Every structure is written in C-alpha cells, then in structure tokens.
There are 2 protein chains.
Amino acid sequence: MHFTEIIKTIKERREALQVTQETLAELSGVGLRTLKQFESGKGNPTLLTLHKLSDVLGMEVCLKIKNIAADK
Amino acid sequence: MHFTEIIKTIKERREALQVTQETLAELSGVGLRTLKQFESGKGNPTLLTLHKLSDVLGMEVCLKIKNIAADK
DNA sequence: TTTAATAGTGCTTTAAAATGCACTTTTTGT
DNA sequence: ACAAAAAGTGCATTTTAAAGCACTATTAAA
C-alpha cells in the first residue's frame with residue numbers, strides 16, 4: 001500500500017463514517033492541525049499518529065508480505 | 001496489528017532473510033541508529049521510515065478494517 | 001575461550017512532526 | 001445567493017524522530 005494511499009484511506013474512511021476532522025481529532029487525541037496537514041497530503045505521520053487515527057476509524061495498521069509479480 | 005507487533009514483524013522478517021541491521025540500513029536508506037532504536041523497541045517511526053524498511057524486506061504497510069468481535 | 005560480528009545504548013545535533021492560533025478557502029444546506 | 005460548517009494554510013513554538021559517533025553488550029564462529 002503506497003504512502004499516499006494510506007492517507008487517502010484514512011480520509012475516505014472518515015468521510016464514509018461522516019465524521020468531521022474536528023471530531024476525529026478529538027476522539028483520537030491527535031491535534032486538529034496535524035490531522036488537517038496529514039489529510040491534505042502534507043507530512044509524514046508517525047506510526048503513533050497513524051495508529052490513533054486508524055483506531056477511532058475502526059481500522060488498523062498492518063504489515064503484509066508483498067506478493068511478487070502481482071502488479072495489480 | 002499492535003504497535004509493538006509491527007516492530008517485531010520487521011525484526012523477525014529481517015532475521016528470517018538473514019539480513020543484518022547494517023545491511024538493511026544501507027539498502028533502505030534508513031540510518032543504522034534509527035533502525036537499531038526502532039528494533040530495540042524504542043521510538044515511534046514515521047510512516048516513511050517504516051515504508052523504506054518494509055520495502056526492502058518485501059513487505060508493505062497497509063490499513064485494514066478491524067473485524068469486530070473477532071478477538072484473535 | 002578468544003575474537004570477530006552483530007546488536008544495543010548514551011550523547012549530541014539537525015530536521016521535521018505535532019501542536020495551537022488565526023485566517024482563508026471550499027463545501028454544504030437553506 | 002447567502003450563511004454556516006467544514007476543510008485547508010501560514011506562522012510560530014515545542015517536542016521528538018532521524019542521524020552520526022563512539023562505546024558496551026551480546027552472539028556466533030574459530
């Protein structure tokens with residue numbers, strides 16, 4: 001999963017749940033400014049930040065083995 | 001996937017591939033100090049760092065939806 | 001057991017993430 | 001079209017990740 005995809009996933013998931021950035025920020029404990037920056041494609045979140053956000057959105061960060069020769 | 005699990009996964013995968021920290025650091029472009037710190041359980045890597053390491057190890061970071069009531 | 005390789009730690013510096021505040025822009029609902 | 005809500009941006013500060021270096025500790029090979 002590419003860098004930008006992860007960001008996009010968070011944003012899409014939040015929107016799907018109809019949660020505002022403000023609410024997500026409050027629920028996750030991540031600063032609003034941080035979330036805004038993150039979602040607008042800037043920055044390089046730490047695993048902790050990503051984890052906090054994912055958690056509230058009912059998602060989780062994981063590592064999986066890439067399957068070779070399966071370019072889409 | 002929990003925070004510490006991700007760290008553990010990286011380490012285990014590296015060891016399975018019989019790659020030293022030094023080599024992984026070189027190949028991934030992540031500083032050796034950073035990798036050492038990371039693997040020894042300290043720190044909070046950025047998504048970029050995690051991505052670089054995962055990449056070399058043939059893994060990728062992903063976000064998945066947590067399946068409720070499936071504790072284990 | 002000795003030594004060579006690999007892994008972990010303390011200290012320090014630099015770069016950047018995280019944050020708040022105030023403001024602008026965009027989106028949405030009436 | 002207008003107003004309200006939500007999202008995005010600039011600026012400044014604090015915190016901390018990333019990094020190198022030198023050292024210690026642990027592990028593996030002779």
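Computed from a predicted structure; not experimentally measured. Chain A is the first sequence line, chain B the second, and so forth, proteins listed ahead of strands; every chain is numbered from 1. Excluded from the calculations below are hydrogen atoms, water molecules and symmetry mates; all remaining heavy atoms, backbone and side chain alike, are included.
For the helix from C:dT1-D:dA30 to C:dT30-D:dA1, the terminal axes (five pairs an end, C1' atoms, rotation from four pairs onto the next four) enclose an angle of 70°, given to 10 degrees.
Side-chain contact between B:M59 and B:R13: present, with at least one pair of heavy atoms (C-beta onward) separated by less than 4.5 Å. Under the 4.5 Å side-chain criterion, counting only non-hydrogen atoms from C-beta, B:K64 is in contact with A:C62.
Looking at A:N44, its side chain never comes within 3.5 Å of a backbone N or O of B:T46 through a donor-acceptor pair. Checked by atom type and distance alone, the side chain of A:T23 never pairs as donor or acceptor with a backbone atom of A:V19 at under 3.5 Å. A:T49 places no side-chain N or O within 3.5 Å of a backbone atom of A:P45 that could act as its donor or acceptor partner.
In this structure, A:F38 places its CZ atom 15 Å from C1' of D:dA7, rounding to the nearest Å. In this structure, the CG atom of A:L48 is 8 Å from the P atom of C:dA18, given to the nearest Å. In this structure, B:E26 places its CD atom 14 Å from C1' of D:dG20, rounding to the nearest Å. For the pair B:L32 CG and C:dT6 C1', the interatomic distance rounds to 10 Å; values are reported in whole Å. Taking atom CG of residue B:L50 and atom C1' of nucleotide D:dA17, one finds them 13 Å apart after rounding to whole Å. Between the CG atom of A:L35 and the P atom of C:dG20 there is a distance of 12 Å, rounded to whole Å.
For the pairing with B:S28, the side chain to side chain contact (heavy atoms under 4.5 Å, CB included) check across B:L35, B:T34, B:D55, B:V56 returns one residue only, B:V56.
Surrounding CD of B:E15 are more than 12 heavy atoms belonging to other residues, nucleotides or ligands, all under 6.0 Å away.
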- Item | Per-nucleotide protein contact string for nucleotides 9-17 of chain C, where B marks a base within reach and S marks sugar-phosphate only (heavy atoms under 4.0 Å, - for neither) | BBB-----S

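Sorted by first and then second residue, the ring-ring contact (aromatic ring centres under 6.0 Å, His included) pairs involving residues 11-58 of chain A (not counting sequence neighbours) are A:H51-B:H2.
For B:E39, the salt bridge (charged side-chain N to carboxylate O under 4.0 Å, His left out) partners two or more places apart in sequence, or in a different chain, are B:R14. With sequence neighbours left out, the side-chain hydrogen bond (donor to acceptor under 3.5 Å, both in side chains) criterion links A:T9 to no other residue.
Looking at residues 4-25 of chain B, you'll see B:K11, B:R14, B:T20, B:Q21 sit with a heavy atom under 4.0 Å from some atom of DNA chain C.
A:I10 is not connected to A:L32 by any chain of hydrophobic side-chain contacts under 4.5 Å among Ile, Leu, Val, Met, Phe, Trp and Tyr, and they are in different clusters.
Contacts of A:G41 with the nucleic acid, taken as non-hydrogen atoms under 4.0 Å apart, are absent.
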